[in-house]
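See structure below.
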Amino acid sequence: MFIKCVCWCLEKIQLNSFFVNAVSAGVAAFIAVFLHLCFQDTDMDIMIISSIMLLVPGLAITNAVRDTVAGDYLSGVARATEAILVAIAIAVGVGFVLSISLRLGGM
């Protein structure tokens, strides 16, 4: 719920979707790292993966494949490009937080 609240707040101030996805994924990774530092028995990888699944563009990927198979190549490529950019934004957000936590010696 916290990630959806962050997404909603960032979309309310009309930021672009790349930045919204990157910040939301970074917040998810930060919370997972913080919980792992507080409770050593938690698995940080599972927490990060399960929290960013909310941000993964599953419908866009499915529609890109469907459009491409149906012969609408331009729409398929456009939707696939959008899905890839969202995936890159998620990777940037999580990667930034994990690299900072590694440099600080938190993991």
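Hydrophobic clustering places Phe19 together with Val6 (ILVMFWY residues linked when any side-chain heavy atoms are closer than 4.5 Å, directly or through intermediates). Note on Trp8 and Val23: separate hydrophobic clusters, where clusters join Ile, Leu, Val, Met, Phe, Trp and Tyr whose side-chain heavy atoms are under 4.5 Å apart, directly or indirectly. At a threshold of 4.5 Å between side-chain heavy atoms, the hydrophobic network of Ile, Leu, Val, Met, Phe, Trp and Tyr places Val69 and Val77 in two separate groups.
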Could you please spell out the steps behind the side chain to side chain contact (heavy atoms under 4.5 Å, CB included) verdict for Ile13 and Leu10? CA-CA 5 Å; Ile13 59 174; Leu10 292 176; 4.3 Å; yes
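More than 12 heavy-atom neighbours from other residues, nucleotides or ligands sit within 6.0 angstrom of CZ on Phe18.
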For residues 92-100, which side-chain N or O atoms pair as donor and acceptor with protein atoms under 3.5 Å away, sequence neighbours left out?
from: Ser99; atom 1: OG; to: Gly95; atom 2: O; distance (Å): 3.2
from: Ser99; atom 1: OG; to: Phe96; atom 2: O; distance (Å): 2.9

Between side-chain atoms of residues 43-58 and protein atoms elsewhere (two or more places apart, or another chain), which donor-acceptor pairs fall under 3.5 Å?
from: Ser50; atom 1: OG; to: Ile46; atom 2: O; distance (Å): 2.8
from: Ser50; atom 1: OG; to: Met47; atom 2: O; distance (Å): 3.2
from: Ser51; atom 1: OG; to: Met47; atom 2: O; distance (Å): 2.9
from: Ser51; atom 1: OG; to: Ile48; atom 2: O; distance (Å): 3.0

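Looking at every heavy atom in both residues, Tyr73 comes nearest to Thr68 through CE2-O, 3.5 Å. Smallest separation of non-hydrogen atoms from Ala80 and Ala64: N-CB, 3.5 Å.
Applying the salt bridge (charged side-chain N to carboxylate O under 4.0 Å, His left out) rule to pairs touching residues 59-83 yields Asp67-Arg79, sequence neighbours excluded.
Distance check: Asn21 CG to Ile3 CD1 gives 11.0 Å after rounding to the nearest 0.5 Å.
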